[in-house]
Amino acid sequence: RQALEEMRALYERNQADVSEAKSGRTDLIFLIRFRHCCLLRNQRCLLAYLYDRLLRIRALRWEYGSVLPNTIQFHMSAEEVEWFNRYKKSLATYMRSVGGEEGLDLTQDIKPPKSLYIEVRCLRDHGEFEIDDGTTILLKKNSQHFLPRWKCEQLIRQGVLEHVLS
């Protein structure tokens, strides 16, 4: 906001000096050029900052899944939340379009797994959880389970489960 205010002030001063320069004051041309270079620099800095924020927001989708924790969402502007939702929908559409009927979840197994099953501890009550073979498991606080890695990675990222390293 401070950079935008500075840019607005520089622009207004330049506009006033341009009208004076048109009337014959050529000594203001260098000052006008200098202010214009300052405006361009601030614009580049702001665009770099916004691009970096978008890259971080995109990384949040891969790290936390399609639902962001409230603590993170609190620090985002309404436009950033809207961009996140559009990116989330675009990624979901793409994942449904590849990988056959069910689609392909690209957010699973971000790092190659060492084993297909892992031991997890439930950090909070979550309710019933169904595995592909139809078995349902009740995820209660402090209970431990041996589950397929790909089924519980999302819950690990959300903070429901914790990978037990024994």
Side-chain angles (χ1 to χ4, degrees), residues 1-114 118 120 122-127 129 139 149-163 165:
R1 291 184 184 139
Q2 186 178 8
L4 286 174
E5 288 299 319
E6 179 185 332
M7 289 177 71
R8 190 172 293 117
L10 286 171
Y11 181 77
E12 289 170 0
R13 279 190 261 156
N14 257 9
Q15 288 294 77
D17 286 351
V18 164
S19 55
E20 283 188 42
K22 283 182 181 178
S23 66
R25 285 197 57 196
T26 58
D27 60 322
L28 294 175
I29 292 176
F30 294 108
L31 185 58
I32 293 169
R33 284 186 181 168
F34 176 75
R35 283 193 199 121
H36 185 70
C37 288
C38 291
L39 283 168
L40 293 177
R41 179 195 173 278
N42 286 356
Q43 181 184 21
R44 283 193 312 272
C45 291
L46 286 173
L47 289 174
Y49 171 76
L50 291 173
Y51 182 68
D52 182 61
R53 290 223 16 133
L54 287 182
L55 291 179
R56 290 172 190 251
I57 292 169
R58 184 176 69 182
L60 289 174
R61 168 58 182 96
W62 290 87
E63 184 179 342
Y64 289 100
S66 60
V67 178
L68 288 177
N70 289 337
T71 56
I72 292 175
Q73 202 167 3
F74 175 75
H75 295 288
M76 294 170 57
S77 69
E79 292 82 9
E80 290 171 334
V81 171
E82 180 184 337
W83 189 90
F84 176 81
N85 289 331
R86 284 196 321 249
Y87 179 73
K88 175 178 69 173
K89 289 176 185 173
S90 176
L91 182 62
T93 302
Y94 176 73
M95 289 190 299
R96 278 193 304 271
S97 71
V98 296
E101 289 179 20
E102 295 180 16
L104 178 64
D105 189 1
L106 298 174
T107 62
Q108 295 295 326
D109 293 329
I110 293 174
K111 294 179 184 174
K114 293 181 180 176
I118 60 172
V120 292
C122 193
L123 298 175
R124 62 178 189 238
D125 291 338
H126 184 69
F129 182 69
L139 296 177
R149 174 184 293 273
W150 69 275
K151 285 296 282 186
C152 56
E153 263 194 356
Q154 191 73 28
L155 292 175
I156 291 172
R157 278 190 237 129
Q158 291 173 0
V160 174
L161 296 176
E162 167 186 53
H163 186 181
L165 302 171

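Residues: numbered from 1 along the sequence shown.
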Review point. Does a side-chain heavy-atom distance below 4.5 Å link Val18 with Ile32?
Key: yes
Check your understanding: So, for Cys122 and Leu161, which heavy atoms are closest and what is the spacing to 0.1 Å?
Key -> CA-CD2, 3.8 Å
**Study point:** Pairwise distance CG(Leu155) to NE2(His163) - rounded to 0.5 angstrom
**Key:** 14.0 Å
Check your understanding: Can you check whether Tyr94's main-chain N or O pairs, donor with acceptor, with Ser97's side chain at less than 3.5 Å?
Key -> yes
Review point. Okay, side chain of Glu80, backbone of Ser77: is any donor-acceptor separation there less than 3.5 Å?
Key: yes
Point to revise | Derivation of the side-chain contact (heavy atoms from CB on, under 4.5 Å) call for Phe84 and Arg58 | key: CA-CA 7 Å; Phe84 176 81; Arg58 184 176 69 182; over 6 Å; no
Point to revise | OG-CG distance between Ser19 and Leu28, expressed to the nearest 0.5 angstrom | key: 9.5 Å
Check your understanding: Would Ile156 and Glu162 count as a side-chain contact (heavy atoms from CB on, under 4.5 Å) if you check the C-alpha gap in whole Å, the side-chain angles of each, and the deciding distance to 0.1 Å?
Key -> CA-CA 6 Å; Ile156 291 172; Glu162 167 186 53; over 6 Å; no
Review point. Distance-only, no hydrogens or angles: does the Asp52 side chain make a donor-acceptor pair with backbone N or O of Ala48 under 3.5 Å?
Key: no
Check your understanding: Between Glu5 and Arg8, is any pair of side-chain heavy atoms under 4.5 Å apart?
Key -> yes
Exercise for review: Report the C-alpha separation of Ile57 and Tyr87 in whole Å, then their side-chain angles, then the decisive distance to 0.1 Å, and conclude whether the side-chain contact (heavy atoms from CB on, under 4.5 Å) test is met.
Suggested key: CA-CA 9 Å; Ile57 292 169; Tyr87 179 73; over 6 Å; no
**Study point:** Pairwise distance CG(Leu10) to CZ(Arg41) - rounded to 0.5 angstrom
**Key:** 11.5 Å
**Study point:** Salt bridge Glu82-Arg86, side-chain N to carboxylate O under 4.0 Å
**Key:** yes
Revision key, fill the gap. Nearest heavy-atom contact between Leu68 and Gln73 is O-OE1, 3.9 Å
Check your understanding: Could Glu63 and Arg157 be called an ion pair, given the rule that one side-chain N must be under 4.0 Å from one carboxylate O?
Key -> no
Review point. Out of curiosity, Leu46 CG to Arg1 CZ, how far, rounded to the nearest 0.5 Å?
Key: 12.5 Å
Review point. Could you give all pairs that pass the ring pair (Phe, Tyr, Trp, His ring centres under 6.0 Å) test and reach residues 6-45, with sequence neighbours left out?
Key: none
Study note, to complete from the structure: dist Met7:CE -> Glu12:CD (nearest 0.5 Å) comes out at 12.5 Å
Check your understanding: Ion pair present between Asp17 and Arg25, side-chain N to carboxylate O less than 4.0 angstrom?
Key -> no
Study note, to complete from the structure: Shortest non-hydrogen pair, Ile72 vs Tyr64, comes out as CD1-CE1, 3.3 Å
Check your understanding: Hey, what do you get for CH2 (Trp83) to CE (Met76), rounding to the nearest 0.5 Å?
Key -> 9.0 Å
Exercise for review: Please report the shortest heavy-atom distance between Gly159 and Leu123, naming the atom on each side.
Suggested key: O-CD1, 3.5 Å
**Study point:** Asp27 CG: over 12 foreign heavy atoms closer than 6.0 Å
**Key:** yes
